[in-house]
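Protein chains get the first letters and strands the later ones, always in sequence-line order, with residue 1 at the start of each. The structure displayed is predicted, hence computed values, not measured ones.
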Number of protein chains: 2
Amino acid sequence: MAHNPITVELIRTLDAIDRHGSFAAAAEHLHKVPSALTYTLQKCERDLEIKLFDRSGHRAEWTEAARHILSEGRRILVAMENLGHSAQRLAQGWTTQYVVALDHLLDFEQIVPLLTRAHEDIPWVPVHVRQGTLSGTWELLLEHEADLVVAPLHSKPDAGNIETRPIGTIRMVLAVARDHPLAAVDRPLTEDDLLPYPVVTNQDTARQITPLTAGLRQRRQQLLVPDMSTKILAQKRGLGIGFLPMHRIQQEVLGGDLILKSLASNDQEREMTLVAGWRQGDSDKTHHWMLEHLELLSIN
Amino acid sequence: MAHNPITVELIRTLDAIDRHGSFAAAAEHLHKVPSALTYTLQKCERDLEIKLFDRSGHRAEWTEAARHILSEGRRILVAMENLGHSAQRLAQGWTTQYVVALDHLLDFEQIVPLLTRAHEDIPWVPVHVRQGTLSGTWELLLEHEADLVVAPLHSKPDAGNIETRPIGTIRMVLAVARDHPLAAVDRPLTEDDLLPYPVVTNQDTARQITPLTAGLRQRRQQLLVPDMSTKILAQKRGLGIGFLPMHRIQQEVLGGDLILKSLASNDQEREMTLVAGWRQGDSDKTHHWMLEHLELLSIN
DNA sequence: AGATGATTTCAAAAAGACTGAATAAACGGA
DNA sequence: TCCGTTTATTCAGTCTTTTTGAAATCATCT
């Protein structure tokens with residue numbers, strides 16, 4: 001009564017019977033004698049007060065209950081198998097998973113080489129990717145919802161003990177739609193040129209940290225969009241203007257859907273330093289592996 | 001080597017230690033002696049070649065691996081527990097789940113009393129609801145994707161051994177939007193009156209059975225919509241005309257958003273018989289319970 | 001320092017699982 | 001129809017694993 005009558009041995013036994021077709025064959029593969037199986041099965045039948053096999057005929061016929069125990073039980077078996085392995089990995093210093101938070105500035109595409117390599121080298125660690133915008137990305141790190149952040153350095157909050165390593169730069173360019181009035185202006189643009197048009201801005205996904213809003217900040221009319229893909233789309237449709245990461249709009253620029261504009265007041269260098277960031281002190285093997293393979297995140 | 005070193009006993013042991021704070025207390029609750037726990041833990045530590053507890057201090061400290069085995073292991077424990085129960089229910093003649101297919105003509109609302117009652121009376125059987133339209137609903141039954149169908153009798157296919165029981169009628173009414181030209185016509189409508197306007201029709205979800213299309217069939221311009229809610233919406237917006245189930249448009253009629261129209265040629269009785277249908281021969285306890293509680297599906 | 005409580009060690013006991021020979025029942029080919 | 005073969009069960013005895021209890025170790029508290 002106190003104990004669960006479904007045992008691992010029972011599931012193994014059912015599994016072997018199913019695989020090999022008869023008690024006798026199953027027993028052989030389990031390195032047991034047929035009567036040992038009978039023993040295991042009958043114990044469960046007694047405890048659970050159900051029939052596992054219909055013994056009226058020559059060969060025992062599966063009951064629905066037994067089939068059900070087998071099919072569900074197999075899942076349990078693999079879960080236990082995996083649990084053993086993941087516990088070993090954990091003891092060896094690996095983590096059970098690893099979460100990379102990508103700023104929306106970056107394309108998912110760019111993390112694929114890292115994911116692929118991780119899957120080859122350390123297949124026992126599932127690597128997940130999350131996306132965030134501006135401070136929101138870093139927030140994931142501080143809240144332990146991510147283990148590695150890839151984002152522009154300037155969005156990094158001062159708080160928290162975060163270590164970073166530069167991994168490249170991203171050029172932000174002012175781009176407008178093909179049919180936008182500014183597209184026709186044939187000279188470096190001034191602040192006054194820009195003033196009349198709404199600015200497309202990324203919404204900061206941060207909930208705790210004071211949100212940042214990057215780009216042409218002091219303007220009035222804003223179109224807040226949730227991520228970079230939407231921002232590119234919005235600007236392509238002429239809904240507003242704003243800075244876009246050059247590497248994500250190559251196609252649009254070549255195709256003429258987006259027109260690059262230069263600014264007269266070149267006060268701001270529009271090269272952003274991209275960094276990988278992590279919590280100071282993280283030192284498991286997964287993390288080390290990641291730091292050693294950061295170059296796979298290369299920004300071209 | 002051949003056997004998984006993670007055992008149910010191990011998980012139970014870890015669970016008890018976690019619950020009661022010390023090996024000694026845990027042992028007492030497990031009706032064992034402390035050294036028995038030591039034995040279980042050390043066996044796993046030896047097999048898996050990991051440490052479950054850090055014994056350097058006075059009291060043993062959990063390792064990360066042990067915590068992981070416990071938290072994942074608890075899931076496994078409840079899964080095994082459930083498996084035992086569901087096997088017993090199955091042997092007693094209950095099913096592991098039950099799927100009701102509702103024709104889109106009906107509101108999900110109307111099956112709630114049945115679901116509620118099932119949850120009270122036979123909580124061990126999860127009841128699922130699927131929606132389908134016209135022959136598609138019946139198809140789910142024949143393909144064993146549903147165990148009970150609630151749909152208009154006329155849409156029932158001849159093929160297949162299906163038993164039915166009437167559970168009510170639904171009045172289908174011709175309704176047009178408030179600002180539809182027909183709304184202003186102050187007399188029973190003729191076929192010719194209707195001819196100029198597109199008809200909103202439900203798309204049959206059937207993939208195998210020859211699809212039916214209900215309603216004003218012989219007309220040309222059709223707007224095919226996926227379900228009844230969409231159809232009501234479409235007609236409310238004046239996108240077309242068609243018959244709607246009276247009980248689903250009470251609000252709209254009272255509010256004047258939809259106007260009821262009568263037909264001059266009253267050849268077709270627009271009362272539909274609603275039936276519950278099931279595969280002949282189904283005779284498990286779940287099914288019997290359902291048949292005994294069909295009145296909860298009352299159509300008002 | 002001594003008492004307390006937690007945990008481990010180890011030999012012996014108990015419980016549980018497995019074996020093997022005997023039995024029964026059903027198939028299948030001659 | 002008969003006989004050899006295969007399938008599964010029963011049961012008593014054996015072997016393995018788990019559990020026990022007494023003694024030992026060690027850290028903490030008084």
Side-chain angles (χ1 to χ4, degrees), chain A residues 1-63 65-67 70 73 77 80 84, chain B residues 1-63 65-67 70 73 80:
Chain A
M1 263 293 102
H3 267 242
N4 189 325
I6 303 264
T7 64
V8 171
E9 236 357 79
L10 172 73
I11 302 174
R12 280 218 189 84
T13 304
L14 290 177
D15 179 66
I17 295 173
D18 179 54
R19 272 184 214 291
H20 304 112
S22 73
F23 287 22
E28 181 165 359
H29 285 265
L30 290 171
H31 307 294
K32 290 184 186 178
V33 119
S35 57
L37 305 206
T38 304
Y39 170 78
T40 306
L41 297 174
Q42 286 185 347
K43 179 158 57 65
C44 172
E45 291 185 317
R46 213 162 356 89
D47 293 352
L48 225 40
E49 298 180 293
I50 64 175
K51 288 246 139 312
L52 256 18
F53 289 89
D54 172 11
R55 275 97 157 170
S56 59
H58 176 35
R59 309 171 59 108
E61 300 275 346
W62 289 76
T63 62
R67 288 245 92 103
L70 175 57
L77 246 38
M80 294 187 78
Chain B
M1 266 289 103
H3 269 244
N4 190 326
I6 303 267
T7 64
V8 171
E9 238 355 81
L10 172 73
I11 302 174
R12 278 216 191 84
T13 304
L14 291 177
D15 179 65
I17 295 172
D18 178 54
R19 271 183 216 290
H20 304 110
S22 75
F23 288 20
E28 180 164 359
H29 285 265
L30 291 171
H31 308 292
K32 289 184 186 178
V33 118
S35 57
L37 304 206
T38 303
Y39 169 80
T40 306
L41 297 173
Q42 287 185 345
K43 178 157 58 66
C44 172
E45 292 185 318
R46 209 157 4 85
D47 292 352
L48 225 41
E49 298 179 293
I50 64 175
K51 289 245 141 309
L52 256 17
F53 289 88
D54 172 10
R55 275 99 158 168
S56 60
H58 177 36
R59 308 172 60 108
E61 299 276 346
W62 290 76
T63 63
R67 288 245 93 102
L70 175 58
M80 294 186 78

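Judged by distance alone, with hydrogens and angles left aside, the side-chain atoms of Asn4(B) form a donor-acceptor pair with the main-chain N or O of Met80(A) at under 3.5 Å. Remark: the backbone N or O of Leu41(A) is not paired with any side-chain donor or acceptor of Arg46(A) at under 3.5 angstrom. Between the side chain of Thr63(B) and the backbone N or O of Leu52(B), at least one donor-acceptor pair lies under 3.5 Å. A distance-only check finds no donor-acceptor pair linking the side chain of Arg12(A) to the backbone of Leu30(A) [under 3.5 Å].
Taking the six-membered ring for Trp and thresholds of 30 and 60 degrees, Phe23(A) and Phe53(A) have ring planes more than 60 degrees apart, a perpendicular arrangement.
Rotation axes derived from the C1' atoms of the five outermost pairs at either end of the helix from dA1(C)-dT30(D) to dA30(C)-dT1(D) lie 30° apart, to the nearest 10°.
At whole-Å resolution of the value, NZ in Lys32(A) and C1' in dA8(D) are 16 Å apart. Rounded to whole angstrom, the span from the NE2 atom of His31(A) across to the C1' atom of dT19(C) amounts to 16 Å. Straight-line distance from the CG atom of Asp54(A) to the P atom of dA25(C): 16 Å, rounded to whole Å. Between the CD1 atom of Ile17(A) and the C1' atom of dT9(D) there is a distance of 13 Å, rounded to whole Å. Note: CD (Glu28(B)) to C1' (dT20(D)) measures 16 Å, nearest angstrom.
Of the two residues contacting DNA chain D, namely Ser56(B) and Ala36(B), the nearest-nucleotide position lying further toward the 5' end is that of Ala36(B).
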A correct 5'-to-3' footprint of nucleotides 6-12 of chain C, with B, S and - meaning base, sugar-phosphate only and no protein heavy atom under 4.0 Å, is SSBB---

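We find that Arg55(A) and Glu45(A) are joined by a salt bridge, their nearest charged nitrogen and carboxylate oxygen being less than 4.0 Å apart.
Contact check, Lys43(B) against dT17(D): no side-chain N or O comes under 4.0 Å of OP1 or OP2.
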Could you check Glu9(B) against Lys43(B) for salt bridge (Lys or Arg N to Asp or Glu O under 4.0 Å), going step by step and ending with a plain yes or no? CA-CA 11 Å; Glu9(B) 238 355 81; Lys43(B) 178 157 58 66; over 6 Å; no

